[in-house]
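For reference, the structure is listed below as structure tokens.
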There are 2 protein chains.
Amino acid sequence: MYSSELIKGTLKTIVLKLLSDSDKMYGYEITQKVKELTGGKIQLTEGALYPTLHAMEAQGILTTDVVNVGNRIRKYYSVTDTGKKVAKEKVNEYSDFIDTMIFLLDLKPKMG
Amino acid sequence: MYSSELIKGTLKTIVLKLLSDSDKMYGYEITQKVKELTGGKIQLTEGALYPTLHAMEAQGILTTDVVNVGNRIRKYYSVTDTGKKVAKEKVNEYSDFIDTMIFLLDLKPKMG
DNA sequence: TTTATATACCTAATTTTCTTATGTATATAA
DNA sequence: TTATATACATAAGAAAATTAGGTATATAAA
């Protein structure tokens with residue numbers, strides 16, 4: 001787990017990236033996917049995630065689809081057309097930011 | 001200029017890196033150096049910088065040396081031995097974090 | 001000459017964003 | 001029957017920044 005201050009400001013970008021690459025995902029699923037993909041290094045907290053999802057829905061970036069699974073509720077989120085633009089902008093901006101930080105901190109990034 | 005949320009959480013790391021690579025720097029100088037190195041993409045605000053410098057001094061990470069230049073005051077900051085450790089840890093942690101974000105967002109970092 | 005910009009420090013109120021804590025409820029494994 | 005996992009949500013508080021304001025000197029431009 002990274003110190004919490006590092007993760008600040010990356011939540012929306014991460015969520016939009018994951019949702020852009022899949023048809024739809026629900027909140028809990030997003031937390032688990034991020035945990036899995038980062039080997040537990042990033043664990044989104046529900047207290048941060050849910051309000052952010054609600055805000056992005058209110059902004060027209062996401063739409064929801066509530067589904068009953070057994071007796072439990074699942075609220076699926078999908079990226080709207082507007083949201084897809086926002087997602088690309090966010091990811092591109094973060095990519096540029098990372099390049100700037102790599103230069104500023106004189107880092108050697110690993111290649112894939 | 002990046003959207004302000006991205007820069008959140010990186011201030012201490014940036015300041016410690018710059019101070020580690022130079023003998024001493026004063027607050028205003030740090031803002032100008034960061035602006036110069038990033039082509040204006042990152043501009044530290046004094047309202048964030050000065051309280052952070054004071055906090056790091058109180059924590060024993062930095063020491064100060066006040067100098068008169070003409071009739072103006074300059075407060076030079078240097079990294080202590082403890083601070084050098086903290087600086088390395090911060091930069092290493094951020095480096096690791098960037099690798100994780102590159103993987104998570106599926107980015108292609110530029111090489112130096 | 002006076003006005004704007006740059007240098008150089010600082011703090012306080014507010015806002016943004018997150019953590020922590022709490023709540024509801026079902027399903028399942030120990 | 002008790003703990004853990006699933007699945008949603010909100011609210012109080014903390015952390016970290018922005019915005020706005022203050023003091024003061026130096027210099028370039030109008």
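First the proteins, then the strands, lettered A, B, ... as listed; each starts at 1.
When each of A:G9 and A:N71 is assigned the nucleotide of DNA chain C with its nearest heavy atom, A:G9 is the one assigned upstream, toward the 5' end. Nearest-nucleotide mapping onto DNA chain D: of A:I73 and A:G47, the residue sitting toward the 5' end is A:I73.
Counting non-hydrogen atoms under 4.0 angstrom, B:E46 reaches a base of the nucleic acid. Residue B:L11 is classed as a sugar-phosphate contact, given heavy-atom separations below 4.0 Å to backbone atoms only.
Looking only at side-chain heavy atoms (C-beta outward), A:T38 and A:Q43 stay at 4.5 Å or farther from each other. Contact annotation: the side chain of A:M25 never approaches that of A:Y77 to less than 4.5 Å [non-hydrogen atoms, C-beta and beyond]. Between B:I98 and B:S95 there is no side-chain heavy-atom pair separated by less than 4.5 Å.
One finds a side-chain N or O of A:H54 lying less than 4.0 angstrom from the OP1 or OP2 phosphate oxygen of D:dT10. Contact check, A:R72 against D:dT6: no side-chain N or O comes under 4.0 Å of OP1 or OP2. Side-chain N/O atoms of A:K75 include one lying less than 4.0 angstrom from OP1 or OP2 on D:dA9. Side-chain nitrogen and oxygen atoms of A:Y26 include at least one within less than 4.0 Å of the OP1 or OP2 phosphate oxygen of D:dA7.
A donor-acceptor contact shorter than 3.5 Å is absent between the side chain of A:D96 and the backbone of A:N92. The backbone N or O of A:A87 lies less than 3.5 Å from no partner atom in the side chain of A:S20, so there is not a single donor-acceptor pair.
With rounding to whole Å, A:L6 atom CG is found 11 Å from D:dA17 atom P.
Taking a cutoff of 4.0 Å between a charged side-chain nitrogen and a carboxylate oxygen, A:D21 and A:K17 qualify as a salt bridge.
Note that the first and last nucleotides of DNA chain C, 5' to 3', having any atom under 4.0 angstrom from a heavy atom of chain A are C:dC18 to C:dA27.
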